[in-house]
Amino acid sequence: MSDTEHAYDHTTVERRWQDRWDDEGVYRTPDDAEDPTYVLGMYPYPSGKLHMGHVRNYTITDAYARFRRMCGDDVLHPMGWDAFGLPAENAAKERDTNPHDWTMDCIDTMREQMRSMGFGYDWEREITTCTPDYYRWNQWLFTRFHEEGLVERRDADVNWCSSCETVLADEQVEGDAELCWRCDTPVEQRELDQWFLAITEYADELLDSIDELEGWPDSVRQMQRNWIGRQEGTRLPFEVQDPDGDDHGTVEAFTTRADTAYGATFFALAPGHEITQAVAERDDDVAHFVEEEADPDGEEPNGVATDLTATNPVTGEELPVYVADFVLSDVGTGALMGVPGHDERDHEFASALGLDIRPVVAPDEDEIPDVSESAYTDDGVVVNSGDYSGLDSETAREQITADTAGAETTTQYRLRDWGISRQRYWGTPIPVVHCDDCGPVMVPDEALPVELPEFINTTGNPLDAAEEWKRATCPDCGDEATRETDTMDTFVDSSWYFLRYVSPELSDAPFDRERSNEWLPVDQYVGGDEHAVMHLLYSRFFTKVLADAEGLAHREPFENLLAQGMVQLDGAKMSKSVGNTVSPQRIVEEYGADTARLFIMEAAQPARDFDWSEQGVRSTRAFLDRLHEQVSALTEGSYDGKRGTTAEYVDSEIDAAVAIAADEYDDLRFNVAVREAQNLSRTLAGYVEYVDAPHAETVERGLNAVVSLLAPVAPHLAEELWTTLGHDEFVAEAAWPAGGDAETATARRDLVENTREDVRDIVDVAGIEDPERIDVTVTPDWKYEALGIAIESDAPNVISELMSEPSIREQGDAAASYGQTLQENREALTRPLDPETEYETLRRAAWLIEREFDAAVRVQTADADDAGHAEPGRPAIDITE
RNA sequence: GCAGGGAUAGCCAAGUUAGGUCAAAGGCGCAGCGUUCAGGGCGCUGUCGUGUAGACGUUCGCAGGUUCGAAUCCUGCUCCCUGCACCA
């Protein structure tokens, strides 16, 4: 695309200002800044190229950061790299390089792309998680967690991706088909020694304090609640015996419906339960079922009878024990009491196997439900339950739990401890050595960081192949020992990176405590909602642990969270595999970064999805070109008019735009804020075109405002025009322009717009072909006074109160009639602009009506008796043909 | 199934937290006019119905209710989206 069809060369302009900002350190945040506004976009994984999602994400934070800076705040707006992770290993293998070099190359490329977008970061605070300077603190924090008793090593069934050759967190397994989140390979189960962080210790606080996260979207809060999945219930102990009377011990079963204990007609074990395993060894049917038939994903619940019995601890009844595939090892205790009368799934199972189905809960005492066809699952009144009959479900649960030996109320969570072990190279080495005598031992702080060895290209875990690196001595006994070869989940890195920005160079602690206490929490966090659970939950967890263990004064990391919407193409998510992407680089080359940024921001509110539109981009660019021309026209110096009433109108519109845009920016409604700037530009153009000799100062003030209002979103052109307008400083560092208050501004606009619409209505309805003169008469003072009295008054009838006011009484019939109107609308009265402001507003806006109807417009006060039916907020209009 | 969020004029979408200038912002589409005007772009206007002076009528998923007054509050229903789920 040639630049000749544009009013300015974006490449030159954008480079120029990027260089100047760098030279002057405009976006630096000094360490002594006082409680800066902390604006943060989720740091990217350095895949090599920015995509539109990144552009949108970082344009949002950049615009907000710039706006806050113009409002006079100190701002902290840093950027960094989520630089560990599997793709780097894969890429390194493909390209015959190593993860480190590949990652660093990607970072260089992306940093340059960010620079070309004009994002104003404090690059002095840049962090890169794959550098020892960063990941040593992961190790240090791991040790602190260990000291707090929050690290556990245990044998665990883990999700294993055979393609990635690594363990996956539950959150990284997707869908019913259980596919790896990265490569879509079906996930297998394996048993391995794993390192866990005890996030469940904080489950209650993580759940309860969600309520206070008022700056977060409801959807994210709800997802976290679901994920934690707290459930109150009862643990009941069932004695399990085989036919010979041999005891298999007590099996605990968790239930939320202890009130249905009398309805239990069977007991069921998971195929993976240890008793099941024991029985399978001597019982071929059970073995066959476990091996061949059990299908936890199947629609139908399947099961097989055993020769065991379980004693219902509430009733003493002997229940048959089944092995059933709908019982899951990792839910509850892997065993349950079956109550087919009051649980859908148990009902289905009992029906299939011909087991008893008993109603023990009823809607009310005289109405025993028919449970032969389907379960009655609501709470109600307990029946057929011995001494408990007649109690409501809630009370029965409490009573049964209290009366039953060995029963206790417990809380169960869906949330599991966080397995952080990964059998991969490109991550933080877990700082542990294994000693034959002492077992696993923490690497002491002074020996940190445990640095990664050279990359070895192998199919398994490269750390396992690094023989020399693996050799270590035990910190406790000094004997030979072996290094732990697991690395940490990269979500560990991102769980505290927002703290590192505060003091990125600090060498004796991960973060400066005092400064963090002042600078945190992040005031505005922005990112995609694919991180709604994992990253955001882990970050909250880390913050709470650091508050308890390291004196951090905050228990929540992110005060306000914005989950930005997707940039789509034809209604579909942009995706490399589908091939429907738009390259930010191409857009920047063709139209410039300002155009890309402005288009994205005006297209929709930041939380919404929207469609990319090349035509929208073009018209955005056209707007910037017109603005450039507007400024050039002003500086050519041919505007030599006086400040007439039209200019006064323009002035009030400038105030209005500034005030409204400020409110909208503050609430992150960039699309509305930007529209104010564009409308103001339009108003200025209309003014220049309408009057013979525009008033240069007014136009200048207006263009200054337009440029200021656009500066957060289109910063390069804004700087360029700001200079053209004669300013020496950066617009990035300029103060937000002074304006009026948004409420009055809106009231004035409404008055003008309503009046113009009324004129149109009249002309249209009355069929006036060619209006010659239009008289607009503002309300008489006494009506305004009367309205004020009526609003204040709490008398049942205001008319007498109005008539006690001489200035109103002397209006005679008119006063009585208006008083009547007021009385009828008593409850709905609102205070309008005062008559003087109204008069002034309309006088200034008269040119709009003149222009539209090509008629003389006369705005007058109502001191004459021709006020007609003018009312406050509603001038009388008289049109002469 | 559970939970959360929704349903607004041809389409997209504000407004609902604090009921009253709300026939209801803005955008798109469509139509008319203008721009020394092919088109495009840009600007102005219109876009539920009726109406020869700014009015009236009907409307905010469906059905009721509260209120002087409801897009907004309450109850029930229908449908859509998102998350979770053989979760005991």
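Atoms considered below: every heavy atom in the structure, side chains included; atoms not considered: hydrogens, waters and symmetry mates. Only a predicted model underlies this, so the values are computations on that prediction, with no experimental measurement involved. Letters go in sequence order (proteins before strands), and every chain restarts at 1.
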Quiz prompt | Pairwise P distance for rG83(B) and rC73(B), with rounding to whole Å | solution = 27 Å

All N/O donor-acceptor pairs, side-chain side in residues 870-881 of chain A, below 3.5 Å, sequence neighbours left out:
from    : atom 1 : to      : atom 2 : distance (Å)
R874(A) : NE     : D758(A) : OD2    : 3.4
R874(A) : NH2    : D758(A) : OD2    : 3.3

Practice problem: Quote, to the nearest angstrom, the P distance that separates rC2(B) from rU8(B). | Solution: 25 Å

Practice problem: Rounded to whole angstrom, note down the P distance from rG54(B) over to rG69(B). | Solution: 26 Å

Quiz prompt | Pairing of R749(A) and E676(A) as salt bridge, 4.0 angstrom limit | solution = yes

Practice problem: Report yes or no: is there a donor-acceptor pair, N or O only, under 3.5 Å between the side chain of R874(A) and the base of rG54(B)? | Solution: yes

Self-check item: Pairs flagged by side chain to side chain donor-acceptor pair (under 3.5 Å) wherever residues 259-270 of chain A is involved - sequence neighbours left out
Solution: R257(A)-D259(A), D259(A)-S393(A), D259(A)-R397(A)

Quiz item: Looking for any heavy atom pair under 4.0 Å, which part of the strands does S219(A) touch: base, sugar-phosphate only, or nothing?
Solution: nothing

Quiz item: What nucleic acid atoms does I768(A) come within less than 4.0 Å of, heavy atoms only: base, sugar-phosphate, or nothing?
Solution: nothing

With a 3.5 Å cut-off and sequence neighbours excluded, list the donor-acceptor pairs that the side chains of residues 600-611 of chain A form with protein atoms.
from    : atom 1 : to      : atom 2 : distance (Å)
E602(A) : OE1    : Q678(A) : NE2    : 2.9
E602(A) : OE2    : T620(A) : OG1    : 2.4
D609(A) : OD1    : M566(A) : N      : 2.7
D611(A) : OD1    : G571(A) : N      : 3.0
D611(A) : OD2    : D570(A) : N      : 3.4
D611(A) : OD2    : G571(A) : N      : 3.0

Quiz item: Under the side chain to side chain donor-acceptor pair (under 3.5 Å) test, which residues partner R225(A), sequence neighbours left out?
Solution: D211(A), Q222(A)

Self-check item: Whole angstrom value for the distance that separates P of rG34(B) from CZ of R682(A)
Solution: 20 Å

Quiz item: Strictly by modelled atom types, are Y591(A) and E614(A) linked by a side-chain donor-acceptor pair under 3.5 Å?
Solution: yes

Quiz item: Contact class for D625(A) (heavy atom, under 4.0 Å): base, sugar-phosphate, or nothing?
Solution: nothing

Self-check item: Whole-angstrom distance between rA25(B) and rA71(B), as gauged at atom C1'
Solution: 14 Å

Quiz item: Quick one: does H342(A)'s side chain have a donor or acceptor within less than 3.5 Å of a partner on V361(A)'s backbone?
Solution: yes

Quiz item: Distance only, no hydrogens: is a donor on one side chain within 3.5 Å (strictly under) of an acceptor on the other, for Q630(A) and S681(A)?
Solution: yes

Self-check item: Partners meeting side chain to side chain contact (heavy atoms under 4.5 Å, CB included) with R626(A) (sequence neighbours left out)
Solution: A622(A), F623(A)

Quiz prompt | Separation between the C1' atoms of rA23(B) and rA18(B), rounded to whole Å | solution = 24 Å

Practice problem: May I ask you to evaluate whether R345(A) reaches the phosphate of rC87(B), defined as a side-chain N or O under 4.0 Å from OP1 or OP2? | Solution: yes

Exercise. Tell me the partner of rU75(B), counting only Watson-Crick (N1-N3 plus N6-O4 or O6-N4) or G-U wobble (N1-O2 and O6-N3) with both under 3.5 Å; none if nothing fits.
Key: rA63(B)

Practice problem: Go through the N and O atoms of the side chain of D758(A) and the base of rG54(B), and report whether any donor-acceptor pair is under 3.5 Å. | Solution: yes

Look for any protein N or O under 3.5 Å of an N or O in nucleotides 79-81 of chain B and output each such pair with its distance, or none.
none

Exercise. Would you classify R225(A) as touching base, sugar-phosphate or nothing, given that sugar-phosphate means primed atoms plus P, OP1 and OP2, and contacts are heavy atoms under 4.0 Å?
Key: nothing

Practice problem: For G332(A), report the nucleic acid contact type (base, sugar-phosphate, nothing); a contact means any heavy atom under 4.0 Å. | Solution: base

Quiz item: Under 4.0 angstrom, heavy atoms only, what part of the nucleic acid is P875(A) near: base, sugar-phosphate, or nothing?
Solution: base

Exercise. Could you tell me which nucleotide pairs with rG4(B) by Watson-Crick or G-U wobble geometry, both distances under 3.5 Å, or answer none if nothing does?
Key: rC81(B)

Quiz item: On RNA chain B, nearest-nucleotide positions of A622(A) versus D218(A): which is more 5'?
Solution: D218(A)

Quiz item: Out of rC42(B), rG51(B), rA88(B), which has the shortest distance to the side chain of V765(A)?
Solution: rG51(B)

Quiz prompt | Same-atom distance (P) from rC30(B) to rC81(B), integer angstrom | solution = 29 Å

Quiz prompt | Atom-pair distance (CZ on F599(A); P on rG27(B)), nearest Å | solution = 15 Å

Self-check item: Distance between C1' atoms of rG20(B) and rG27(B) (Å, rounded)
Solution: 28 Å

Quiz item: Contact class for V327(A) (heavy atom, under 4.0 Å): base, sugar-phosphate, or nothing?
Solution: base

Exercise. Please identify each residue that fulfils ring-ring contact (aromatic ring centres under 6.0 Å, His included) with W612(A), with sequence neighbours left out.
Key: F599(A)

Quiz item: Going from OG1 on T234(A) to CD on Q412(A), what distance comes out if it is rounded to the nearest 0.5 angstrom?
Solution: 11.5 Å

Practice problem: Look through every strand shown and name the nucleotide pairing with rC44(B) as Watson-Crick or G-U wobble, where both distances are under 3.5 Å. | Solution: rG32(B)

Self-check item: Watson-Crick or G-U counterpart of rA14(B), or none if no pair lies under 3.5 Å
Solution: none

Quiz item: Under 4.0 Å: is that the gap between some side-chain N or O of R414(A) and OP1 or OP2 of rA85(B)?
Solution: yes

Quiz prompt | side chain to side chain donor-acceptor pair (under 3.5 Å) partners of T746(A), counting only residues at least two apart | solution = none

Just the table, please: protein N/O against nucleotides 45-50 of chain B N/O, every pair under 3.5 Å.
from    : atom 1 : to      : atom 2 : distance (Å)
rU45(B) : OP1    : R756(A) : NH2    : 3.4
rU45(B) : OP1    : R760(A) : NH2    : 3.0

Practice problem: Select base, sugar-phosphate, or nothing to describe what N226(A) touches, counting heavy atoms under 4.0 Å on all strands. | Solution: base

Exercise. Could you tell me whether D878(A) contacts a base, only the sugar-phosphate backbone, or nothing, with contacts defined as non-hydrogen atoms closer than 4.0 Å?
Key: base

Heteroatom pairs (N/O) under 3.5 angstrom, protein to nucleotides 13-20 of chain B:
from    : atom 1 : to      : atom 2 : distance (Å)
rA13(B) : O3'    : R608(A) : NH1    : 3.4
rA14(B) : OP1    : R608(A) : NH1    : 2.3
rG20(B) : N7     : E827(A) : O      : 3.3
rG20(B) : O6     : E827(A) : O      : 3.2

Quiz item: Distance between the P atoms of rG61(B) and rG51(B), in whole angstroms?
Solution: 29 Å

Practice problem: Choose from rG54(B), rG83(B), rA88(B) the nucleotide whose nearest atom is closest to any side-chain atom of I762(A). | Solution: rG54(B)

Self-check item: Residues that S632(A) engages under side chain to side chain contact (heavy atoms under 4.5 Å, CB included), provided they are two or more places apart
Solution: H628(A), E636(A)

Quiz item: What pairs with A350(A) under side chain to side chain contact (heavy atoms under 4.5 Å, CB included), at least two apart in sequence or on another chain?
Solution: F266(A), P340(A), L355(A), I357(A)

